[in-house]
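Read through the structure below, which is laid out as structure tokens, and then see the notes.
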Amino acid sequence: MTENKKHIAILGATGSIGTQALEVVDSNPERFVVEVLTAQNNADLLIEQAAKYTPNTVVIGNEALYDKVFSALDPLDIKVYSGENALSSVVQMEAIDIVLTALVGYAGLTPTIKAIEAGKHIALANKETLVVAGELIMKLAHEKGVNIYPVDSEHSAIFQCLVGEFQNPIEKIILTASGGPFRGKDKSYLEKVTKAQALKHPNWDMGAKITIDSATLMNKGLEVIEAKWLFGVAVNQIDVVVHPQSIIHSMVQFEDGSIKAQLGLPDMRLPIQFALGFPERLKNNYPRFSFVDYPNLTFEKPDTDTFRNLALAFEAINIGGNAPCVLNAANEVAVAEFLKDKISFLDIPRIVEECLNKIDVIDKPVLEDYINTDKETRIIALELVN
Ligand code: NDP
Ligand code: MG
């Protein structure tokens with residue numbers, strides 16, 4: 001009998017997506033073998049996870065923590081590496097079938113490229129990679145015969161709607177958005193919101209960066225760009241609709257006008273499991289959705305005057321080239337500074353917009369252009385903070 005197990009690497013195992021991916025492994029232990037786990041700073045949780053799942057290798061990003069992780073895991077015969085470049089080499093390990101990119105931000109770009117180059121399938125949570133360099137990533141994946149399975153709930157929904165429809169052109173993608181904690185508020189309210197308020201998402205419990213992105217609607221902007229590259233559609237084929245209950249995770253409209261939607265309770269374990277288990281739907285006992293508990297599923301237009309970041313993301317992808325890379329880097333810096341209480345909530349779109357205005361557009365960027373654009377944008381964004 002051939003082995004029916006997938007061998008996985010989880011980059012960012014200690015985060016919100018990473019820990020939920022390990023819950024998926026727990027509920028399907030006969031289907032998955034954990035080969036690699038990585039973290040940046042959370043050495044204690046990484047050690048605990050490694051002791052439980054006994055991967056071949058772990059990576060702790062922060063080199064100052066190497067000794068601690070090594071002394072805990074060497075006796076268990078688990079290899080330990082550290083530093084930024086380690087991620088790029090461990091993803092190429094022979095034994096790995098699929099790499100779950102559950103690390104946050106631009107740091108996902110290089111390891112994702114290295115994994116694709118080695119022919120590893122990707123379960124992609126790290127949307128920033130496709131925002132920065134979507135064209136390059138999709139082209140490389142195509143050349144290498146690598147599949148990119150979306151983990152983001154909206155993109156998983158679209159993917160699920162497309163199963164069995166691959167010959168049928170998409171007329172439109174309808175991305176749903178919760179609207180975040182400040183839905184319906186105006187700019188004078190947003191001027192004064194605090195970090196604590198912004199970190200309270202109504203429907204999802206996620207890492208800090210994406211939670212702030214959800215509050216500013218940048219997350220939906222990043223998802224528009226992610227959808228364009230994943231599904232090969234034009235930007236004007238992507239609509240965003242606010243759906244505060246987060247039950248319909250997104251929709252596809254076909255050329256006959258029919259719309260398919262994917263529904264479920266907001267629970268990231270389902271899209272993670274669908275990406276890792278594809279093409280199978282693995283049985284689980286997660287809570288089920290009941291229509292009678294949700295008599296009102298509502299929809300409204302996003303307010304892009306108040307939540308500028310969504311409009312800026314559309315602008316950036318319409319400009320194309322390195323503009324989405326600028327958008328992403330400026331946003332990463334601004335969100336990090338907001339989380340340090342250095343800037344206000346409305347400074348986030350201000351910084352993103354100024355960076356988009358200041359940085360020269362490169363029409364046909366290559367990898368090095370993206371790397372340079374990211375560096376240059378971060379410097380300018382930090383100047384705008386001070
Ligand atoms: P978290 O902040 O919860 O976790 C991030 C993970 O990445 C942690 O394991 C962290 O390690 C590690 N990490 C942080 N910085 C670096 C770095 N510079 N290099 C390498 N590893 C790093 O994030 P989330 O799980 O919320 O999000 C992960 C990705 O998934 C993001 O791209 C996000 O947009 C996307 N996503 C998340 C969703 C969610 O529900 N959370 C939904 C849809 C998409 P440590 O713990 O040691 O700091
Ligand atoms: Mg999403």
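Only heavy atoms go into these numbers, but all of them, side chains included; no hydrogens, no water, no symmetry mates. Ligands are counted one by one from 1 in listed order, and the atoms in each one are counted from 1 as well. Here, residue 1 is the first one in the sequence, and each next residue gets the next number.
The environment of CD in Glu94 is sparse: at most 12 heavy-atom neighbours from other residues, nucleotides or ligands sit within 6.0 Å.
Of all protein heavy atoms, the one lying nearest to atom 41 (N) of ligand 1 is Ser16 OG, 3.0 Å. In terms of protein heavy atoms, atom 26 (O) of ligand 1 is closest to Gly207 N, 2.8 Å. Protein heavy atom in closest approach to atom 43 (C) of ligand 1: Asp152 OD1, 3.1 Å. Among protein heavy atoms, the minimum distance from atom 45 (P) of ligand 1 is reached at Thr14 OG1, 3.4 Å.
The backbone and the side chain of Ala125 each have at least one atom closer than 4.0 Å to an atom of ligand 1 (non-hydrogen atoms only). Contacts between Ala13 and ligand 1, counted as non-hydrogen atom pairs separated by less than 4.0 Å, involve the backbone only. Residue Ile17 touches ligand 1 through backbone and side chain together, judged by heavy-atom distances below 4.0 Å. Using a 4.0 Å cut-off between heavy atoms, Met268 contacts ligand 1 through its side chain alone, with no backbone atom that close.
When all heavy atoms are compared, the tightest approach of Leu130 to Trp229 is O-CD1, 3.3 Å. Of all heavy-atom pairs between Ala215 and Phe345, the closest is O-CZ, 3.5 Å.
If you check each of Arg269, Gln40, Glu128, Glu154 against atom 32 (O) of ligand 1, the one with the closest non-hydrogen atom is Glu128. Nearest to atom 29 (C) of ligand 1 by heavy atom, out of Ile210, Thr211, Leu103, is Leu103.
For the pair OE2 of Glu223 and OD1 of Asp152, the angle whose vertex sits at the Mg ion (ligand 2) is 100° to 10 degrees.
A cation-pi arrangement is absent between Lys185 and Phe182, since the terminal nitrogen or guanidinium carbon is not both under 6.0 Å from the aromatic centre and inside a 45° cone about the axis.
Residue Ala102 places a heavy atom under 4.0 Å from ligand 1.
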